[in-house]
Amino acid sequence: MASLPSVALSPTLKLETEVKKHPSASSSIEKESQSRSISYQKSSVSTQLDERPEPARPLDFDDPLSLTKEGTEIECAYYVSLLKECIKRKCVSGAQIVHAHIVKTGTQKEFFLMTFLVNVYAKCGAMTSARKVFDNLPKGSVVAWTSLLKGYVQNSESEVAVEVFVEMMESGSFPSYYTLGIALNACSSLSSIELGKQFHAFIVKYRIDQELSIGNALCSLYSKFGILKSAVKAFRRVRDKDVISWTAVISACVENGAAAMGLRFFIEMLNEDVKPNEVTLTTVLSLCCLIMSLGLGKQVHSLSIKLSYGSNRRLTNSIMYLYLKCRCIKEAEYLFSTMETVNLVTWNALIAGYSQAMELAKDDVSAHRSGNEALGMYFKLNRSGMKPDLFTLSSILTICGGLVALEQGEQIHAQTIKSGFLSDVVVGTALVNMYNKCGSIEKASKTFVEMSTRTLISWTTMITSFARHGHSQQALQLFEDMRLAGLRPNQITFVGVLAACSQAGMVNEALEYFQIMKTEYKLKPVMDHYGCLIDMFVRLGRTEEAFDIVKKMDFEPSEFIWNLLIAGCRNHGHTELGFCAAEQLLKLKPRDIETYVMLLNMYISAERWKDVSQVRKLMKEEKVGKLNDWSWISIKEKTRSFKTNDRLHPGNAEIYTFLEELLNKAKSYGYESGENVEVVDEEEEAEEKTFSYCVYHSEKLAVAYGLLHTEKSASIRVVKSIGMCKDCHNFMKIISLLASKEIIVRDSKRLHKFVNGQCSCADFAGIF
DNA sequence: CTAGGGTTAG
């Protein structure tokens, strides 16, 4: 890349002087190239095919000699059909056989055939051969030059493509509109905006920026450089816009996050009576993904059926992905089941979609279902004979992390090694994150250390992992290492850093890093940063300072922030302040059922019945549903789920007996069951009382089951659909000591790793 | 010989 400007700068001048000698060359050569391709098609293919009663046979790839065996004279059209087959199969050896035969029979005098061969080799990825054939041509036509150029761009050798462009200018050939379109593409793959602008200047000079292929290419070029304005300008200048122009400009909007503008272009396009094709609709679907618009997605889906695009795989992949992302699992699964052919991307979209659905569902029952569904699909994919790629692996690792499924995660780790994808940064980072979420900070760190390349995201993942596991010093050390390595932290990195400080109660450091973030890195604090600071003060019982932070924020505190504050107030007995905060929170009309439950508990224990009924009313209005407390534990790839007070479940009797034993033992270690007496809410039915403290919460059952069914040294990993209560948290701490067992519980709020009577969350204030 | 599209990590 460093050498590129020198390649580019001087030839540009040269290129301009050359051009001035042939000011009219553009159109004439353009015409020449077009007429050539027309005559080649007409005289060689169509007519000769008419004379042949049998359609051209494809090359027998199992018997490559069949071609020579034929022995008789072979027409150009036959060669062309064979070579087309080679392109389809990306078969270099096939092309070589045909090539040899052409030479043998002397057909290489046919100029167009040899030009086509350049294209064939280029499309098969054999650039050396393409270049050789090109060099043997008596004089390179624009078409041959263009094929060569395209080949280099396609085979990610855009530097060479630019050199070839210069060479072409020097040889006196003038680029066609096609050639310039490809050259612009080379600029985007080289991420060289300077070079792109030079080409643009050249294009403007000859007033050809309104040409279709050039304007379209300019539009996507500027889009890739993030200059949406210029992309739109380029689009507007195109004289006879076609469907590709419209698609390009919509795509530019999507790429740059301007969904509303993209949608306006789509509507404008329909108003102009331009019929969208499969590509357009796929682009509009990614627009839907961007803004999570299921409604628009469904309209596009029906439009695609109306236009009979139903069998387009890429389009269907997109629709399926959108449905999953919007948590319309049934629709997506139905679509998948009806697809005629699926490819790896289909599987990847499916798994990635489940992972999105899981993310969105937070930790409720459907999230767990999506995760398991994805795992099932992953194994199905493996059985189908297709090989997972880096997309598959990184998505499925995210799923494993979400499910706290360490065994499966490790199995997939082995697969990444075998398949050679371990060296990929994204896969490596996904692995680090998977181990982090499964509670294995040691393996996370080991994986991180062994990575051959790391991006900012990799560093951030590791920093956050340390912080979440309560290893604040390591997190901060790593942050300094990262800065030394010359990487510029972003907002998310600082969330990790502040979380580390918060966890360790390092007030001064936290405030210092907060300043560094704002002044040195010019990063605007977001809600999560304030959340860390507030959490820190609240943990330390410095509630008023926590409220001071809220006052300093330049936006309205979120549900999450109020939750932290209220939990802090309750933990430290600042009841009145807590009620004030609760009032503010209610004004927000919270979304999260757990928030309501916390408020209810708060008001019920204070016997403020008026407030209780007010909260209940709001819950009905907001349709928040009921609290669904589930816990899952997976042992040796089998998952068991538990519901609070689930005595009816067959096989639970043994677990209850064992849990009683555990509770009794724990009591002798200072555990006070019922320390928080179950709150009685007089207005509600008996079964709705489960939201308060309960001896038989689902995670206790799951852990009891885990202790009964895992080997002594193995850790226990539980996922819980809602936040843990304080009682269970205490219980887990004691059990981890009693049974000398590592117990990991990932609840809806965070990860708890209990070892030797301590929890990695350092008794996170958010527990209610 | 051309321009536009689907799936990965914090």
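We name chains A, B, ... by the order of the sequence lines, and we start the count at 1 in each one.
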Checking [Y] against [X]: is there a side-chain donor and acceptor pair closer than 3.5 Å?
{"X": "Thr179(A)", "Y": "Ser176(A)", "result": "yes"}
{"X": "Glu211(A)", "Y": "Tyr178(A)", "result": "no"}
{"X": "Arg131(A)", "Y": "Tyr152(A)", "result": "no"}
{"X": "Asn216(A)", "Y": "Ser213(A)", "result": "no"}

For the side chain of Thr282(A) and the base of dG5(B), is some donor closer than 3.5 Å to an acceptor across the two?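 Such a pair exists between side chain and base.
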
Taking N and O atoms by type only, does the side chain of Asn277(A) place a donor or acceptor under 3.5 Å from a partner on the base of dG5(B)?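 When only heavy-atom distances are counted, Asn277(A) does not reach the base of dG5(B) through any donor-acceptor pair under 3.5 Å.
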
Looking for any heavy atom pair under 4.0 Å, which part of the strands does [X] touch: base, sugar-phosphate only, or nothing?
{"X": "Ser395(A)", "value": "sugar-phosphate"}
{"X": "Ile244(A)", "value": "base"}
{"X": "Leu431(A)", "value": "nothing"}
{"X": "Asn436(A)", "value": "nothing"}
{"X": "Asp242(A)", "value": "base"}
{"X": "Ser213(A)", "value": "base"}

Closest to side chain of [X], choosing from [options]:
{"X": "Thr146(A)", "options": "dC1(B), dT8(B), dA3(B)", "value": "dC1(B)"}
{"X": "Asn348(A)", "options": "dT7(B), dT2(B), dG4(B)", "value": "dT7(B)"}
{"X": "Ser394(A)", "options": "dT2(B), dG4(B), dT8(B)", "value": "dT8(B)"}
{"X": "Asn490(A)", "options": "dT7(B), dG10(B), dC1(B)", "value": "dG10(B)"}
{"X": "Thr455(A)", "options": "dA9(B), dG4(B), dC1(B)", "value": "dA9(B)"}
{"X": "Thr493(A)", "options": "dG10(B), dT7(B), dA9(B)", "value": "dG10(B)"}
{"X": "Val345(A)", "options": "dA3(B), dA9(B), dT7(B)", "value": "dT7(B)"}
{"X": "Thr398(A)", "options": "dA3(B), dC1(B), dG10(B)", "value": "dG10(B)"}
{"X": "Asn433(A)", "options": "dC1(B), dG4(B), dG10(B)", "value": "dG10(B)"}
{"X": "Val143(A)", "options": "dG5(B), dC1(B), dG10(B)", "value": "dC1(B)"}

In whole angstrom, give the distance that lies between atom [atom1] of [X] and atom [atom2] of [N].
{"X": "Phe134(A)", "N": "dC1(B)", "atom1": "CZ", "atom2": "P", "answer": "15 Å"}
{"X": "Tyr321(A)", "N": "dT7(B)", "atom1": "OH", "atom2": "C1'", "answer": "7 Å"}
{"X": "Leu422(A)", "N": "dT8(B)", "atom1": "CG", "atom2": "C1'", "answer": "15 Å"}
{"X": "Leu344(A)", "N": "dT8(B)", "atom1": "CG", "atom2": "P", "answer": "13 Å"}
{"X": "Asn155(A)", "N": "dC1(B)", "atom1": "CG", "atom2": "C1'", "answer": "15 Å"}
{"X": "His529(A)", "N": "dG10(B)", "atom1": "NE2", "atom2": "C1'", "answer": "12 Å"}
{"X": "Leu456(A)", "N": "dG10(B)", "atom1": "CG", "atom2": "P", "answer": "13 Å"}
{"X": "Leu184(A)", "N": "dC1(B)", "atom1": "CG", "atom2": "C1'", "answer": "15 Å"}

Tell me whether Tyr178(A) and dT2(B) count as stacked here, given that the ring centres must be under 5.5 Å apart and the planes must differ by less than 30 degrees.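 Stack criterion not met.
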
For the pair Lys443(A) and Glu410(A), find out whether any cationic side-chain nitrogen is under 4.0 Å from an anionic carboxylate oxygen.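 Yes, this pair counts.
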
Does a side-chain N or O from [X] land closer than 4.0 Å to OP1 or OP2 of [N], or not?
{"X": "Thr283(A)", "N": "dG4(B)", "result": "no"}
{"X": "Asn216(A)", "N": "dG4(B)", "result": "no"}
{"X": "Ser220(A)", "N": "dG4(B)", "result": "yes"}
{"X": "Lys150(A)", "N": "dA3(B)", "result": "yes"}

Apply side chain to side chain donor-acceptor pair (under 3.5 Å) to Asn312(A) and list each qualifying residue two or more places apart in sequence or on a separate chain.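 Expected list: none.
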
Please enumerate all residues that pass ring pair (Phe, Tyr, Trp, His ring centres under 6.0 Å) together with Tyr378(A), with sequence neighbours excluded.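 Once residues adjacent in sequence are excluded, Tyr378(A) has no partner under the ring pair (Phe, Tyr, Trp, His ring centres under 6.0 Å) criterion.
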
